[in-house]
Every structure is written in structure tokens, then in C-alpha cells.
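Provided herewith is a single structure, encoded as C-alpha cells, for subsequent inquiry.
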Amino acid sequence: MTDDMTRYSAGEIEAKWQEVWNKAKVFQSEGASDKPKYYVLEMFPYPSGRIHMGHVRNYTLGDVIARHKMATGHNVLHPMGWDAFGLAAENAAMDKGIHPGEWTYQNIKDMKSQMKPLGFSLDWSREIATCHPEYYRHQQAMFIDMLEAGLIYRKNAVVNWDPVDMTVLANEQVIDGKGWRSGAEVEKRELTQWFFKISDFSEDLLEALDGLDDWPAKVRLMQENWIGKSRGIEIPFHRTDGGEPIVCYSTRPDTMRGASFLAISPEHPVSRALAEDNADLAAFIAETRKMDTTEAAMEKAEKKGIDTGITVKHPVEADKELPVWVGNFVLMDYGTGAVFGCPAHDQRDLDFARKYGLEARNAFYLPGDEVEVGNEALVPAKSEPVVFIDHFAGIKDVTSQEAIDATIDWFEEKGLGTGQVKYRLRDWGLSRQRYWGCPIPVVHCETCGVVPEKKENLPIRLPDNVSFDQPGNPLDRHDAWRQCECPKCGESGVRETDTMDTFVDSSWYFVRFTAPRAETPTDAAEAAYWMNVDQYIGGVEHAILHLLYSRFFARAMQITGHLPQSAVEPFDALFTQGMVTHAIYENAERKAEGGRPIYHYPEEVEEKGGDVIVKETRERVKVIPSAKMSKSKNNVVDPVNIIEQFGADTARWFVLSDSPPERDVEWTAAGAEAAHKHLTRVHRIVSDIASSDETASQEADELLLKEMHKTIHDVSGGVESFGFNAAIAKLYAFSNTLSRSKAGSAAKRQSAAALVQLMAPMTPHLSEELWAMLGHDGLVTTAPWPVADEAMLVDDQITMPIQINGKRRAEISVPKDMDKAEVEKIALSEDAVIRALDGATPKKVIVVPGRIVNVVI
RNA sequence: GCCCGCGUGGUGGAAUGGUAGACACAGAGGACUUAAAAUCCUUAGGCUGAAAAGCCGUGCCGGUUCGAGUCCGGCCGCGGGUACCA
């Protein structure tokens, strides 16, 4: 029955019901309410101009939660906004000559119009954009408060410097050590920059992870490792030339016997001092500065060093002297910028020692395995017992951890070192030498120094009349904007031209959503009511930086009075969705200017005889499978086509159905059509039921209703635990049951209504249509969520598999409460069991009630 | 390099330590149709076998357990993060 009256026409249905929702303002959150509040938030998007499948997945997940919470009687806040500052806008400005602001606002408009048809239950009345002065003026106010509270300071830090373009480069803009536009070798350069004192909160940020029960364990673990608490010791090594001792930090002082050299950072004061009259050393240091600033690049680079010529005394063995080397692998930012090398028990030190002919001597060996050091360092787990050789504190058979503790105690007792707890977490550098960001509201005055702006002068607006015809920060060359009055003495000063890292913008937007038009950064009452975010949803790629910065910012906002005490952890529950991936198509025959690879869009290539080629040029293409969808790699699938072809409900159903949401999913076009077929089928099944009128046997009715209650139970459970794909599988199964059921129309209508309601968070438009078709008055969106009847969930008779030695050989059907002995008896009388036993008695019979029987022979 | 994940049929995937492959996609066969589309029904991990049935099987190697996709140890491969992409 597929005539015109009952055909599923997504386009018409979706437009109609969106209009109904909008008119009724069903998605605008209430103020004070008797209902419990629920704040569900998806990570807000960067306005690139096109939504992609990752967005659709993210917002659909959030929307299902929001709609389900609405149906279960919550006052729901579900806002949306734009993370609107960033690098891409400046690139567009340079490439296309458009102002970053114009480009960004156009993109917001475009993306919004692409999102609207998806029918998300968003409260658009709260929309914010971080690039809007009405947003960033509050950020500037908080900056001033945090500066005055001592949470922000200035220090020198290195950046990637492009010597040809004369500009600072982001790590992403450095490709194989070269500037992405100029192709010039990138250098490190030191600048004075602004920092948040996040490291002051290391311990708190670490400890509070324990309370985040509804965060994924992996994210807590990643943050724990990122903060990187370690207990170690600072040991001064005395120079034989009488100079200032060099202080090393070590977490493995138990390996001291094996120490054979000291390695100090190229940026260490001693290195710098020695370089002044050591040309080789100066050249070595200069060489290490020609590397990008990423940790990965530094760690992967070949470990190199140079002997400084100075030596230090071993702190324990009086007659032993150690050479001091400068090593490119020693970070000035961590510990003291100096380490002692113990080749026997550290692989990196061993490689270094072998390369430069340094000694390798064991501090301990494994019990019963006393061997010389080969090419592999002996690094046992800290809990593993080892045997120490001539340990100065007299310990011998202990674990490494016990030895570390004993050694630290011994050093402290003798006054040879100081136990220290250190964290890997570094302060958050927020300065960016770029135009399209929130201006840092300070003035440099010759007499007063660095002075924060007066709050009444905020916002310090970005000037509009800037040009991008040359690289570098346009603010630097905008004299009219830079010239200003010193807020303190009134004489002339110059504005800070650094803008803020966009992570600052995204570290508090979730609080701004609670009072998006407030005259102060936050509204105490609204923040107290809505915070914390009950459920935060976003990509796992944000597991560390964004989430850690937000956790810090909540603390900083609390100290400066912008957040109530209760909101110290901003996100009660976190869900990290997997990415939507897609193959990348890289041109294998041609490169762009400057050696950059050329990437092709999926629709530009085709498969031909096992090879993939560019349709137009017939060039061969290298296929890089399942990579994060990224605008710069052109491997982005446009959901707009799918919505136009099949409708929003199909797109929503599809992104939820196939993969568990925490897992990455490789996008393929085939699935969307299947999703649409199914929705068409549901439309047909329910239409038929709505227009039929039959009675049937009570048995058939009961069977169907029992299945209905099971489905309500399972789907509700699935929706509450992000098991959407499994929930959808149950809905498929129930549609099949319903369409084949011989039940009467009353039972069928009841079941159809349940099906429609259970689908509503996922396919809200179709559900509204069918809900109305079944004769319901109100909206399914606001109808109370169905509740399963517990009594209907249990089966009296259950099937139990019979295993023989752990392999399934038969199954029996027994009443659910049958006692163990009885079950065992029935199991042993099964043919397959008798055959396998062949007259013998079983060694053991394990009966797990309600589950399984295992006969051990 | 380091930290964190992931790996199951042709494909997406399901499975509180308890019947591996639910539910789908693609496939094969059939019904309906003049035909096609749509729809409905059947089938389907691999190997052997006519069947009954048996053997193998969750990246690889090993362990714990009556029982392991699931827990533990060691590998391999892929992905994310690595502090200036967001």
C-alpha cells in the first residue's frame, strides 16, 4: 500500500513539524521550574562553512539525549554557538582577500542554514559567537581579573619562526621543519608571552579526576599522564672546576651507581654560558634551535650531544668524575633542565652512551641473571624485585620502587639532595601573534610598564581596517589602533598586539550559555542553576587540551568570582565520540607549490582496475585509509546531499545506527539508502495499522505486547547508556515483529505508538507524523516516555545451552526457577551428553542458573 | 619517541567471563510483475560431508579459568593526542 496518501515524504514532513516546534517554542528552556534541570551540550563547532558528518554525529547524539531527557520530565538546556576565532579565517583572508570577520560570519550563516534542517532540539535564542565583541569583552574582563589575582604572568617562550615570511607559525604550519608557505627552514625564536598559571593547579586537577565518575576512564588516564606527577629528587652535582653545582632532577636515583655522564639542555644557563667562548658548542646549540617546537619532533629527532669539557663529581663515589654533555633531548621546561645519564637502565641513555663511547655500568641486575650490559637497557617494572650491586644505602634484594624510596631518604638524610614532587604539566601559553583572536587587554607604557585596561574601556575591539597582503600580525602594523592612552598615567602607550589562544574562548562558553546576554561575564543565579553541564559530548581528540583547560578555567573563574563554588568541575558526565573518518586521496604524480601534497575530494576520484585515479586528469592517487576528516585534507563528506536526497531523519538514523558512538566510523555512502528504506517501511507499517480494524487471538496480542515491553526496556536502557546502535537494532527487530504479528488492531496500535515514541529522539519528524496519524493529540516530543511493565519482561521458560568441556553441544528448555540438581539431571540425560560421556561419569558439572550448563569430562 | 585507544564474516557491527556473528548492508535463490522498480519470503563465518554431524574460527604468541572476543603478559597493525589546527 504505497499510494500518494501514505507515501513517506521526508521533505514535507520535516518542514511541517519543524514549524510546529518553532511556533510552540518547545526547545526554549524554562526559567525556574519544578522539573529537574538537565544541561546537555555538544562541543561547539568551528565555523568552517560546511557541516560535515562528524558534526551530524555529534549533534545527533546530543539531540537524542536532550529529547529523551525532555520526555522523561526534565527542564532541558541545549544551546548552540560558534568557536569563531582561529587560524583558518586568516588563511582565507590571505587566499581570497576576504576579511576574517566577514568570512567567519558568512560561514556561521551558512552552517546554521545547513544545521537547521536536521531538526535538532536546540535553543537558538542563546546562540553565541566567540568572535563577537559581546562575547570577548567578557573574556577580556575576566583576563583582567585573573591577571590581578596572580593567575596570569609573562615570561619568555619559544615559537616557530619563519625567517622568510617574518612570521610566527603554528605547529600545523610547519611541514618537515619548513614553513608551509615560504618553504623556508623554520627556526625557534624567543618572545615574551602571556601564561596562565595552570601548573599551580596540577595537584588539584589531578586529584579531582577521581571524582569524575561519569568520564571515560581513558580520558581520566590521559589527563593523569599529561599532568604527569612524579616523585623524584634534585641532586646537586659539584663541578670539578669549582663553578656553580649543576642540579639534576631524577625519578630513578636508585640507578645512581650506573651514572656515567650528565646531560644538560641546550637552553640550560650553563650551556649558554659555556657557548660564549666555545664555537662548537654555540654551533651545536644553534643547530638544535632549527627544529620545530613539537614534542614529537624533538623526541623523534636523532639524539645528539656535545661534550662541554667540564666534569662533575659523582655525589656518592668520591673518586669518580662524570663528563657533562649538552644533549638535544633534554627539555629545559621539565625538571631542572639537567639529568644524569644511566645507560644500563635507560634505553635512550644507552644509545647515547654507545654513540659517544661513554661507560655503561649496572646498578642492579635481575635475580639470578647477573650479566653485562648489552645493547638493551635493563628497565624492569618498578614492582619487580631486583638485586642491587654495592648500593650506598646498603640495600640489596628489593623492588625498584622500594629502592627509589630508600635512596631518596638516604640522600635527604646525608644532605646530598632534596626529594621533590614534580609535574609534567606546563603553564598554558595564551599569547598568539595573530589578528583573528580576542585582543589581550593590556597597554605597554614607558613609565608604568604593562598595565591592564580599565574595565569601562572594554571591549578592546579588533580594528576592522586591516590588510592581509603581507604575512605577520596586522595588528603590529596598525599604528592607529596600537596608539592609546595608558590607563594608569594617561600618557601615550601602545596596545598589546598579541591575541588570545582560541582555547581561552572555548574554556568558558558553556557558562556563558547559561546567561548569554548578561552584562557581566556570568550571571551568578543562572550559573548556579544550570551548571554543571550534565552531559558533555564531543570528539575524543579533545580529551586533553580543551577539557583540561576548561577544568582549569572553572577554577580560575571561581577564584575571580565568576563561578559558584559548586561548579569547580564544569562537566559532570563526558562522552567522547569517535571520529567519522574517510580515506584521503593524495595525488601521487604531482605536488603543489613548495612541495605540499595535493588532496582530492572523494567525488573527484574513481576506482579503475584496482587503481584509484583522478577522474579529470587520470592521475594516479595514493589512498590513505580511514583518517580523521579534515578540511585541509579534502576528505570531508557533505551531509547536505544526504539530507536533500533522503531527509534529516534518515541522516540521523544512519549516523546512530551502524557504529557504537565511541568508535571511529568510516563513512560509506551505501548505508544511508538502507536507513531510508527502513524509515519508509516503518511509515508504511504504521500507516497500515492506523487504518485497519481487526481483532485477533489473545495469545497473539500477548506475544506482541510482551515484545513491546521488552523493546521499551531495552531501547530505554540503550538510550541512557549511549548504546544507540544496539537500541536501533532492537527497533529493527520490533518493526519486524510488528509487521508480521497476527495480533489485533488494538494491540498493534499500542505497539505502533510505542515504536514511534521510542524512535522519536532519533527520527523526531517521522515520529511526530506517525504519532498524529495514530490519533494522538499532543506532540510526541513532549509526550512522557513509555515505561516498561516489569512483569512482562520475564519469561517462564528459558533456553539453556549445554556445554561439554566448554563447547556448546546441545540446549534444553527449562522453567526459569528450576533448581540446579534438576537442571543437571536433565542436562545429563541429553543425547549429545550421553554420547560424549560414553558410560563414564563426568569430572564436574557446572550449572549457572538461568545461564548455562558445562559438563567437564 | 611518549601517552591513550582500537583490531570479530564480503561490509558496518552484536555479545553483565557463559550458545560468537544479534540487527543491518552487499550477495544468492524464490514469490509477485508482460518486464523493471518497489515489496515480501528463504538463505548465508570457513572447511569436510548427500545428510546427520564434525573440525577450525574474534590481528599474532603465551597465560589464568569448568568456560576467554571479554581478564593478564608479550608482540604486530591502525587511529587519536603530543602543549600555536580546533
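Convention: sequence-line order gives letters A, B, ...; per-chain numbering from 1. In this text, all values refer to a predicted model and were calculated from it rather than measured experimentally.
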With rounding to whole Å, what would you report as the distance between B/U11 and B/U58 at their P atoms?
->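 The answer is 15 Å between these two P atoms.
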Does a side-chain N or O from A/S659 land closer than 4.0 Å to OP1 or OP2 of B/G12, or not?
->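 Result: no.
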Hey, does A/N805 reach any base, or is it just sugar-phosphate, or nothing, if we go heavy atoms under 4.0 Å?
->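 The answer is nothing, as A/N805 stays clear of every strand by at least 4.0 Å.
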B/A86 phosphate, OP1 or OP2: any side-chain N/O from A/T502 under 4.0 angstrom?
->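 So the side-chain polar atoms of A/T502 do come within 4.0 Å of the phosphate oxygens OP1 or OP2 of B/A86, strictly under.
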Output the single nucleotide from B/G1, B/C85, B/C55 whose closest atom is nearest the side chain of A/R809.
->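 The nucleotide sitting nearest to the side chain is B/C55.
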Mind calculating the distance between NZ (A/K188) and C1' (B/C84) to the nearest angstrom?
->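 Going from A/K188 (NZ) to B/C84 (C1'), I get 14 Å.
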Contact class for A/P45 (heavy atom, under 4.0 Å): base, sugar-phosphate, or nothing?
->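 Counting heavy atoms under 4.0 Å across all strands, no contact is made by A/P45.
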In chain order, what residues pass the salt bridge (Lys or Arg N to Asp or Glu O under 4.0 Å) check against A/D95, with sequence neighbours excluded?
->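 Result, salt bridge (Lys or Arg N to Asp or Glu O under 4.0 Å) vs A/D95: A/R181.
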Would you please enumerate the stems RNA chain B participates in, each stem being three or more consecutive Watson-Crick or G-U wobble pairs with both distances under 3.5 Å?
->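 B:1-7 with B:76-82, B:10-12 with B:23-25, B:27-31 with B:39-43, B:45-48 with B:53-56, B:59-63 with B:71-75 - these are the stems of 3 or more pairs that involve RNA chain B.
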Start with the C-alpha gap between A/D162 and A/T167, add the side-chain angles, then the distance that decides, and say whether side chain to side chain donor-acceptor pair (under 3.5 Å) holds.
-> CA-CA 5 Å; A/D162 186 321; A/T167 189; over 6 Å; no
Contact class for A/S431 (heavy atom, under 4.0 Å): base, sugar-phosphate, or nothing?
->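 Base, at least one base atom sits under 4.0 Å.
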Within the structure shown, what part of the strands sits under 4.0 Å from A/A543 by heavy-atom distance: base, sugar-phosphate, or nothing?
->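 The residue A/A543 makes no contact with any strand.
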Please list every donor-acceptor pair under 3.5 Å in which a side-chain atom of residues 295-305 of chain A meets a protein atom from a residue at least two apart or in another chain.
| from | atom 1 | to | atom 2 | distance (Å) |
| --- | --- | --- | --- | --- |
| A/E302 | OE2 | A/K355 | NZ | 2.5 |
| A/K303 | NZ | A/E299 | O | 2.4 |
| A/K303 | NZ | A/A301 | O | 3.0 |

Salt bridge (Lys or Arg N to Asp or Glu O under 4.0 Å) involving A/K188 - partner list, sequence neighbours excluded |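 By the salt bridge (Lys or Arg N to Asp or Glu O under 4.0 Å) rule, A/K188 matches no residue at all.
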Atom CG of A/L656 to atom P of B/A14: distance rounded to whole Å?
->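 Roughly 14 Å, once rounded to whole Å.
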Syn versus anti for B/G10, judged by chi lying within 90° of 0?
->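 Anti for B/G10; the angle lies over 90° from 0.
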Please determine if a side-chain N or O atom of A/N736 lies less than 4.0 Å away from the OP1 or OP2 oxygen of B/C23.
->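 So the side chain of A/N736 is outside the cut-off, no N or O lying under 4.0 Å from OP1 or OP2 of B/C23.
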May I have the list of side-chain donor-acceptor pairs in residues 719-733 of chain A shorter than 3.5 Å, sequence neighbours left out?
| from | atom 1 | to | atom 2 | distance (Å) |
| --- | --- | --- | --- | --- |
| A/S721 | OG | A/G717 | O | 2.9 |
| A/Y732 | OH | A/W653 | NE1 | 3.4 |

Reckon A/L548 touches a base, only the sugar-phosphate, or nothing at all at heavy-atom distances under 4.0 Å?
->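 Here A/L548 touches no strand at all.
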Between the protein and nucleotides 3-6 of chain B, are there any N/O to N/O pairs under 3.5 Å, and if so, what are the atom names and distances?
| from | atom 1 | to | atom 2 | distance (Å) |
| --- | --- | --- | --- | --- |
| B/C3 | O3' | A/N225 | ND2 | 2.7 |
| B/C3 | O2' | A/N225 | ND2 | 3.0 |

Partners meeting salt bridge (Lys or Arg N to Asp or Glu O under 4.0 Å) with A/K178 (sequence neighbours left out) =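 Expected list: none.
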Just by protein heavy atoms under 4.0 Å, how would nucleotides 15-22 of chain B read 5' to 3' in B, S and -?
-> -B-BB--B
Between A/D658 and A/R835, which is nearer to the 5' end of RNA chain B once each is assigned its nearest nucleotide?
->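 With A/R835 and A/D658 compared, the 5'-side residue is A/D658.
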Please name all residues satisfying salt bridge (Lys or Arg N to Asp or Glu O under 4.0 Å) with A/E267, sequence neighbours left out, ordered by chain then number.
->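 A/E267 satisfies salt bridge (Lys or Arg N to Asp or Glu O under 4.0 Å) with A/R272, A/R289 once adjacent residues are dropped.
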Consider the side chain of A/R424, meaning its heavy atoms from C-beta on, and name the nucleotide among B/C84, B/U39, B/A83 that approaches it most closely.
->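 In terms of side-chain proximity for A/R424, the closest of B/C84, B/U39, B/A83 is B/A83.
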d(NE2, A/H676; P, B/U39) in whole Å |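 Distance, rounded to whole Å: 11 Å.
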Could you say whether A/A170 or A/V540 is positioned toward the 5' end of RNA chain B, judged by the nucleotide with the nearest heavy atom to each?
->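 Nearer the 5' end of the strand: A/V540.
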Pair A/D501 + A/R432, salt bridge at N-O below 4.0 Å |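 Looking at A/D501 and A/R432, the cut-off is met.
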d(CZ, A/F654; P, B/U11) in whole Å =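 Rounded to whole Å, this separation is 16 Å.
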Rounded distance in Å between the P positions of B/G54 and B/C4 |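 Pairwise P distance, B/G54 against B/C4, rounds to 45 Å.
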Check the distance between B/A83's C1' and A/D292's CG and give it to me in whole angstrom.
->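 Distance check: A/D292 CG to B/A83 C1' gives 13 Å.
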Given A/F196, A/F553, A/F552, A/Y423, the one that forms ring-ring contact (aromatic ring centres under 6.0 Å, His included) with A/F201 |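 Looking at A/F196, A/F553, A/F552, A/Y423, the match for A/F201 under the ring-ring contact (aromatic ring centres under 6.0 Å, His included) is A/F552.
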A/L331 has an atom CG; how far is it from atom C1' of B/A83, in whole Å?
->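 So the CG-C1' distance, A/L331 to B/A83, works out to 12 Å.
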Taking only residues two or more places apart in sequence, or in another chain, which ones meet A/Q645 in a side-chain contact (heavy atoms from CB on, under 4.5 Å)?
->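 Residues passing side-chain contact (heavy atoms from CB on, under 4.5 Å) with A/Q645: none at all.
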Drop me the distance from A/F734's CZ to A/M759's CE, to the nearest 0.5 angstrom.
->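 The distance works out to 12.0 Å.
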Any side-chain heavy atom of A/R835 sitting closer than 4.5 Å to one from A/R809?
->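 They are not in side-chain contact.
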Same-atom distance (C1') from B/C25 to B/G79, integer angstrom =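 It comes out at 24 Å once rounded to the nearest Å.
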Starting at atom CD of A/E662, determine the distance to atom P of B/G13, rounded to an integer number of angstrom.
->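 Result: 11 Å.
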Do you see a donor-acceptor pair shorter than 3.5 Å between the side chains of A/N58 and A/Q577?
->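 A donor-acceptor contact under 3.5 Å links the two side chains.
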NA contact type, A/F329, heavy-atom cut-off 4.0 Å: base, sugar-phosphate, or nothing?
->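 No contact.
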Roughly how far apart, to the nearest Å, are B/G10 and B/G62 at atom P?
->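 These two P atoms come out 23 Å apart once rounded.
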Checking all strands, does A/E90 fall into the base, sugar-phosphate, or nothing category for heavy-atom contacts under 4.0 angstrom?
->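 Nothing: the residue A/E90, judged by heavy atoms under 4.0 Å, touches no strand.
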Please determine, for the side chain of A/D83, which listed nucleotide (B/A86, B/C84, B/U39) has the closest atom?
->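 Of B/A86, B/C84, B/U39, B/A86 is nearest to the side chain of A/D83.
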Give me, pair by pair, the N or O atoms of the protein and of nucleotides 40-44 of chain B that are less than 3.5 Å apart, along with how far apart they are.
| from | atom 1 | to | atom 2 | distance (Å) |
| --- | --- | --- | --- | --- |
| B/C40 | OP1 | A/R681 | NE | 2.8 |
| B/C41 | OP1 | A/R740 | NE | 3.1 |

cation_pi(A/K422, A/Y334) dist<6.0 Å, angle<=45 |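 No cation-pi geometry.
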For A/H678, report the nucleic acid contact type (base, sugar-phosphate, nothing); a contact means any heavy atom under 4.0 Å.
->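 Nothing: the residue A/H678, judged by heavy atoms under 4.0 Å, touches no strand.
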N/O (side chain, A/R426) to phosphate O (OP1/OP2, B/A83) under 4.0 Å |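 No, because none of the side-chain N or O atoms of A/R426 sits under 4.0 Å from OP1 or OP2 of B/A83.
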Has the side chain of A/Q173 got a donor or acceptor atom sitting under 3.5 Å from an opposite partner on the base of B/C84?
->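 Absent.
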Give the rounded distance in Å between these two atoms: NZ of A/K843 and P of B/G67.
->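 One finds 11 Å between P of B/G67 and NZ of A/K843, rounded.
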Is there side-chain contact between A/T104 and A/W82, with heavy atoms separated by less than 4.5 Å?
->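 A side-chain contact under 4.5 Å is absent here.
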All ring-ring contact (aromatic ring centres under 6.0 Å, His included) counterparts of A/Y435, not counting sequence neighbours =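 In terms of ring-ring contact (aromatic ring centres under 6.0 Å, His included), with neighbours along the sequence ignored, A/Y435 is linked to A/H99, A/F468.
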Test item: A/N736 and A/R681 side chains (from C-beta on) under 4.5 Å apart, heavy atoms |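 SC-SC contact between A/N736 and A/R681 confirmed.
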